[in-house]
Amino acid sequence: RTQQALIRESWRRVSGSPVQHGVVLFSRLFDLDPDLLPLFQYNCKQFGSPQECLAAPEFLDHIRKVMLVIDAAVSHLEDLPCLEEYLCNLGKKHQAVGVKVESFSTVGESLLYMLEKCLGAAFGPDVREAWIELYGAVVKAMQRGWEA
Ligand code: HEM
């Protein structure tokens, strides 16, 4: 099977419950880098703990947004350049809220962790490799937002 088929099949198992899987991703992210927690502030209020953040409706909306971006990438595997401008702007917005470009590597590790948790034995080395490539392409496009 092609890389694209591997991505589509594996994403089908995740995208049915995006928030649930997004919570796994972001719990892992806060474990790996607790300093990212203060970047999420709604109405200028800081969260006291990752648990508090992961329960906030605004944060769950961010999770939905993240999953939608990944969903868009999966739907446009044959034409990722059409997302380039959107992703560059998305990068700019993240730079503006204080995200460092390096943090997207930790997000990538957390994404792989979530996929492995969800897919179990179906998350073989070829699936993993396909996701590393796709996520890399998304980050490369977002990165341009920091350069501008
Ligand atoms: C918006 C933080 C990763 C997609 C935001 C906002 C913050 C934020 C503070 C504005 C408030 C909000 O909309 O909730 C972060 C941090 C990240 C991260 C700290 C990890 C280090 C990502 C990733 C994606 C993403 C990986 C998708 C691939 C979005 C989208 C928005 C957003 C679509 C809405 C932008 C808009 O309003 O047009 N992010 N984010 N974020 N984020 Fe993230």
Side-chain angles (χ1 to χ4, degrees), residues 3-119 123 127-148:
Q3 280 204 328
Q4 299 193 346
L6 294 175
I7 292 274
R8 285 197 197 94
E9 278 164 31
S10 51
W11 186 245
R12 210 173 299 136
R13 293 176 56 177
V14 172
S15 56
S17 37
V19 175
Q20 186 194 318
H21 290 105
V23 165
V24 173
L25 192 165
F26 275 92
S27 305
R28 181 66 172 176
L29 183 66
F30 291 139
D31 280 348
L32 294 175
D33 188 355
D35 291 341
L36 292 175
L37 186 63
L39 295 179
F40 291 100
Q41 289 185 22
Y42 301 98
N43 306 313
C44 302
K45 272 213 275 299
Q46 260 183 238
F47 293 110
S49 67
Q51 289 72 24
E52 205 183 291
C53 180
L54 288 157
E58 299 93 334
F59 184 75
L60 296 175
D61 278 340
H62 182 266
I63 284 185
R64 281 187 196 92
K65 295 176 204 170
V66 173
M67 300 305 267
L68 276 173
V69 174
I70 301 174
D71 199 71
V74 173
S75 319
H76 292 85
L77 288 173
E78 293 95 349
D79 189 18
L80 286 177
C82 80
L83 296 176
E84 190 96 346
E85 200 177 316
Y86 170 79
L87 291 173
C88 174
N89 273 312
L90 189 57
K92 278 191 195 130
K93 285 184 186 166
H94 284 82
Q95 181 190 43
V97 294
V99 179
K100 295 212 174 69
V101 113
E102 301 83 61
S103 296
F104 281 99
S105 319
T106 322
V107 174
E109 280 178 56
S110 308
L111 172 68
L112 296 176
Y113 173 88
M114 178 274 281
L115 289 166
E116 184 164 23
K117 283 270 152 185
C118 173
L119 299 167
F123 192 63
V127 184
R128 186 185 171 84
E129 198 45 52
W131 276 99
I132 289 173
E133 256 183 55
L134 175 59
Y135 181 74
V138 169
V139 168
K140 199 174 161 204
M142 284 179 77
Q143 246 166 19
R144 293 184 31 235
W146 273 261
E147 288 156 14

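Both counts, for ligands and for their atoms, begin at 1 and track the order of listing.
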Practice task
Could you tell me whether Arg144 and Glu84 make a salt bridge, using a distance below 4.0 angstrom between a side-chain N and a carboxylate O?
Solution key: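 Looking at Arg144 and Glu84, the cut-off is met.
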Exercise for the section: Return yes when Phe30 approaches ligand 1 closer than 4.0 angstrom through a heavy atom, no otherwise. Expected result: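 Checking ligand 1 against Phe30, which is what was asked, there is no heavy-atom contact under 4.0 Å.
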Practice task
Would you check whether Phe59 reaches within less than 4.0 Å of ligand 1, judged by its heavy atoms?
Solution key: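 Contact check Phe59 vs ligand 1: negative.
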Practice task
Indicate the ring-plane relationship of Trp11 and Trp131, choosing parallel, tilted or perpendicular according to the 30° and 60° boundaries.
Solution key: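 Judged by the thresholds at 30° and 60°, the geometry between Trp11 and Trp131 is tilted.
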Applying side-chain contact (heavy atoms from CB on, under 4.5 Å), can you list everything that pairs with [X], at least two apart in sequence or on another chain?
{"X": "Asp79", "value": "Pro81, Cys82"}
{"X": "Lys100", "value": "Glu102, Ser103"}
{"X": "Glu52", "value": "Phe47, Ser49"}

Problem - Protein N, O or S atoms lying under 2.8 Å from atom 43 (Fe) of ligand 1, listed by chain and number - result: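 N, O, S partners closer than 2.8 Å: His62 NE2, His94 NE2.
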In the protein, what heavy atom is nearest to [atom], and what distance, to one decimal place, separates them?
{"atom": "atom 2 (C) of ligand 1", "value": "Phe40 CE2, 3.3 Å"}
{"atom": "atom 9 (C) of ligand 1", "value": "Leu39 O, 3.5 Å"}
{"atom": "atom 28 (C) of ligand 1", "value": "Val69 CG1, 3.6 Å"}
{"atom": "atom 26 (C) of ligand 1", "value": "Phe104 CE2, 3.5 Å"}

Exercise for the section: Ignoring angles and geometry beyond distance, decide whether Tyr42 reaches within less than 3.5 Å of ligand 1 through its nitrogen or oxygen atoms. Expected result: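 N/O-N/O distance below 3.5 Å exists for this pair.
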Problem - Those atoms of ligand 1 less than 4.0 Å from some heavy atom in Val107 - result: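 Taking each heavy atom of Val107 in turn, ligand 1 has 20 (C), 21 (C), 26 (C) under 4.0 Å.
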Practice task
Within a distance under 4.0 Å of any heavy atom of Tyr86, pick out the atoms of ligand 1 and give their elements.
Solution key: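 Ligand 1 atoms under the 4.0 Å threshold to Tyr86: 33 (C).
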Problem - Donor-acceptor contact below 3.5 Å, side chain His62 vs main chain Glu58 - result: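 No; judged by distance alone, with no hydrogens or angles, the pair does not exist.
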